[in-house]
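One structure is given here, and the rest of the page talks about it.
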Amino acid sequence: MIPADLIECARAVRIEDELARRGITLRGRGSERCGPCPQCGGTDRFSVNIKDQVFNCRRCEGKGRGAVDLVMFLDGSAFKSAVATLAGEPRQAPAPAAAERVQQPKKTYFDYVDEAGVALSREVRLERPGAKKQTWQEAADPDRPGQWINGEGCMTGVRRVPFQLPGLLKVLKTGETIFIVEGPRKCGPLYEWGLCATCNMGGSSAASVWREHAKEFFLPVYSSPVVILPDNDAPGAESAAIIADALASVGVAVQILDLPGLPVKGDLINWIDGGGTRQQFLDLVEAEARAWAPSEAASERIGVNSKAFAGNGKQHKGGTKPAGPGQDLHL
């Protein structure tokens, strides 16, 4: 039998205090916080509401209310053990096994799927404490569902599609704004804000694939305006121009937004970590995003759809609006 006063003491501990004790940091201000899951490592899948004292991981389906449930989730412990962890006197640092688990290498997977949601390929991000991140691509094995092929040449013949293609296709029919970033990891915060985001596989070095994406997915409808969010470096600026030229050439209304105050090689996630909010982001889109017209050289190279581009302004009169909810490689 667990003494009632110990249970009461354990339940009085707040989620954010227990996370801080374990060295787990999340992004965001106010009630909502998000970041990598301490269990599965899924980037931007773990979220906490400080006001309601609830947590949830969309990948490993761990969720609960209060610090007791949180400790049970993180340590895989029973209720009695979790209470003892939270109400013990004096409170100790997490057990070594739990602390080591937080510091273990984290692998994050970003699947690229076709119109029906069938996996075609994925990008893998590996992070080790104190080491530079590693990223690579893998192809879905057509003969073994759920299995992946990696190594040199694994992507030969694999169809390339934008990230989160099914959601992208739905939004394309609504006329709502689509945001294009460098790498699927940066899509996460925009999803959290209820916006539609996508990217190409391979980061800035593979931006030329948008010449095909533009014709395959945007040309038949081109009803949604696009805002491109480049990373703050030369490859980011170059890839943004390539993507903008490709989309504008088929009649898409394209804007580019350079987020203010970014460090060199900084990106959307750095901007949010610096205190950027959803409303501030939308205000910047409205006030600072600059319209893009395809360059003459790009028009000749890509083959501009002159009729579509001529109607660009009228078609998108009224500006952009956020979409409803729809993830070196810049992941």
**Prompt:** Do Leu190 and Val181 pass the side-chain contact (heavy atoms from CB on, under 4.5 Å) test, and can you show the C-alpha distance, the side-chain angles, and the key distance before you say yes or no?
**Reply:** CA-CA 10 Å; Leu190 295 174; Val181 294; 4.0 Å; yes
**Request:** Verify salt bridge (charged side-chain N to carboxylate O under 4.0 Å, His left out) between Arg211 and Asp245, making sure each step is shown before the conclusion.
**Result:** CA-CA 8 Å; Arg211 296 168 188 164; Asp245 275 341; over 6 Å; no
**Stepwise salt bridge (charged side-chain N to carboxylate O under 4.0 Å, His left out) check, Lys133 with Glu127** = CA-CA 5 Å; Lys133 71 174 183 182; Glu127 296 175 273; over 6 Å; no
**Request:** Tell me, with the steps shown, if Glu16 and Val48 meet side-chain contact (heavy atoms from CB on, under 4.5 Å).
**Result:** CA-CA 8 Å; Glu16 63 268 30; Val48 171; 5.8 Å; no
**Message:** What verdict does the salt bridge (charged side-chain N to carboxylate O under 4.0 Å, His left out) test give for Asp258 and Arg290, after you've listed the backbone C-alpha separation in whole Å, the side-chain angles of each residue and the deciding distance to 0.1 Å?
**Reply:** CA-CA 9 Å; Asp258 296 308; Arg290 64 184 192 275; 2.4 Å; yes
**Request:** Given side-chain contact (heavy atoms from CB on, under 4.5 Å), test Arg160 with Asn200 step by step and report yes or no.
**Result:** CA-CA 8 Å; Arg160 307 287 180 132; Asn200 62 275; over 6 Å; no
**Message:** For a side-chain contact (heavy atoms from CB on, under 4.5 Å) check, start with the C-alpha distance between Ser77 and Val71, then their side-chain angles and the critical distance, and finish with the verdict.
**Reply:** CA-CA 7 Å; Ser77 59; Val71 171; 4.1 Å; yes
**Request:** Check step by step if side chain to side chain donor-acceptor pair (under 3.5 Å) holds for Thr277 and Gln279.
**Result:** CA-CA 6 Å; Thr277 66; Gln279 189 56 55; over 6 Å; no
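Residues Val161 and Leu219 fall within the same hydrophobic cluster, defined by Ile, Leu, Val, Met, Phe, Trp and Tyr side chains chained together at heavy-atom separations under 4.5 Å. Hydrophobic clustering of Ile, Leu, Val, Met, Phe, Trp and Tyr side chains at less than 4.5 Å, counting indirect connections, unites Leu262 with Leu282. In the hydrophobic cluster analysis, where Ile, Leu, Val, Met, Phe, Trp and Tyr join through side-chain heavy atoms closer than 4.5 angstrom, Ile149 is grouped apart from Val124. Taken together through direct or relayed side-chain contacts under 4.5 Å among Ile, Leu, Val, Met, Phe, Trp and Tyr, Ile50 and Ile24 form part of one hydrophobic cluster. Both Ile7 and Val68 sit in one connected hydrophobic cluster of ILVMFWY residues. Membership requires side-chain heavy atoms under 4.5 Å apart, directly or through other members.
Within 6.0 Å of the CD atom in Glu238, the count of heavy atoms belonging to other residues, nucleotides or ligands does not exceed 12.
Side-chain N or O atoms of Asp267 include one that pairs as donor or acceptor with a backbone N or O of Ile269 at under 3.5 Å. Judged by distance alone, the side chain of Asp141 and the main-chain N or O of Asp143 form a donor-acceptor pair under 3.5 Å. A donor-acceptor distance shorter than 3.5 angstrom exists from the side chain of Thr85 to the backbone of Ser81, with no hydrogens or angles considered. Side chain of Asp17 to main chain of Val13: no donor-acceptor pair is present (N/O by atom type, distance under 3.5 Å, no hydrogens or angles). Between the side chain of Ser47 and the backbone N or O of Phe55, no donor-acceptor pair lies under 3.5 Å. In terms of modelled atom types and a separation under 3.5 Å, the side chain of Asp231 and the main chain of Asp233 share no donor-acceptor contact. Asn49 places a side-chain N or O within 3.5 Å of a backbone atom of Lys51 that can act as its donor or acceptor partner. Here the side chain of Arg125 pairs no donor or acceptor atom with the backbone of Arg185 at under 3.5 angstrom.
Residues Phe73 and Cys37 approach most closely at CZ-SG, 4.0 Å, considering heavy atoms. In plain terms, the two heavy atoms of Ser121 and Trp148 that are nearest each other are C-CZ3, 3.5 Å. Closest of all the heavy-atom pairs between Ala78 and Met72 is O-CG, 4.0 Å. Between Ala140 and Ala119, the closest heavy-atom pair is CB-O, 3.5 Å. The shortest heavy-atom contact between Ser204 and Glu182 is CB-OE1, 3.4 Å. When all heavy atoms are compared, the tightest approach of Thr177 to Cys196 is O-CB, 4.0 Å.
When Ile15, Thr25, Leu26 are each tested for a side chain to side chain contact (heavy atoms under 4.5 Å, CB included) with Arg33, only one passes: Leu26. Tested against Ile180, the residues Val254, Val227, Leu168, Leu247 include a single side chain to side chain contact (heavy atoms under 4.5 Å, CB included) partner, Leu247.
For the pair Arg22 and Asp75, the minimum side-chain heavy-atom distance is below 4.5 Å. A 4.5 Å side-chain heavy-atom check between Val158 and Met155 finds at least one atom pair inside the cut-off. Residues Ser31 and Asp52 are not in side-chain contact: their nearest non-hydrogen atoms beyond the backbone lie 4.5 Å or more apart. Using a 4.5 Å cut-off on side-chain heavy atoms (C-beta onward), Tyr191 and Gln164 make contact. By the 4.5 Å heavy-atom criterion applied to side chains, Glu123 and Trp136 are not counted as neighbours. At a threshold of 4.5 Å between non-hydrogen side-chain atoms, the residues Tyr112 and Arg122 do not count as touching. The closest side-chain heavy-atom distance from Ile178 to Leu172 is below 4.5 Å. The shortest side-chain heavy-atom distance between Leu165 and Pro162 falls under the 4.5 Å cut-off.
To the nearest 0.5 angstrom, Ile272 atom CD1 is 10.5 Å from Gln280 atom CD. The CE atom of Met201 lies 9.0 Å from the CG atom of Leu120; values are rounded to the nearest 0.5 Å. Rounding to the nearest 0.5 Å places CG of Leu70 at 12.5 Å from CZ of Arg14. Summarising the geometry, atom CD belonging to Glu192 is positioned 12.0 Å from atom SG belonging to Cys187; distances are rounded to the nearest 0.5 Å. Ile256 CD1 to Leu229 CG: the interatomic distance, rounded to the nearest 0.5 Å, is 9.5 Å.
Aromatic ring pairs are classed by plane angle as parallel below 30°, tilted from 30° to 60° and perpendicular above 60°; the pair Phe217 and His213 is tilted.
One finds no salt bridge joining Asp283 and Arg278 here, because no Lys/Arg side-chain nitrogen approaches an Asp/Glu carboxylate oxygen to under 4.0 Å. Ion pair Arg27/Asp273 flagged as a salt bridge, since at least one NZ, NE, NH1 or NH2 atom sits closer than 4.0 Å to an Asp/Glu carboxylate oxygen. Between Glu18 and Arg11, none of the side-chain N atoms (NZ, or NE/NH1/NH2) sits under 4.0 Å from a carboxylate O, so this pair counts as no salt bridge. In this structure, Glu216 pairs ionically with Arg159, as a charged nitrogen and a carboxylate oxygen lie closer than 4.0 Å.
Applying the ring-ring contact (aromatic ring centres under 6.0 Å, His included) test to every pair with at least one member in residues 260-284, sequence neighbours left out, gives these pairs: Phe179-Phe281, Trp193-Phe281.
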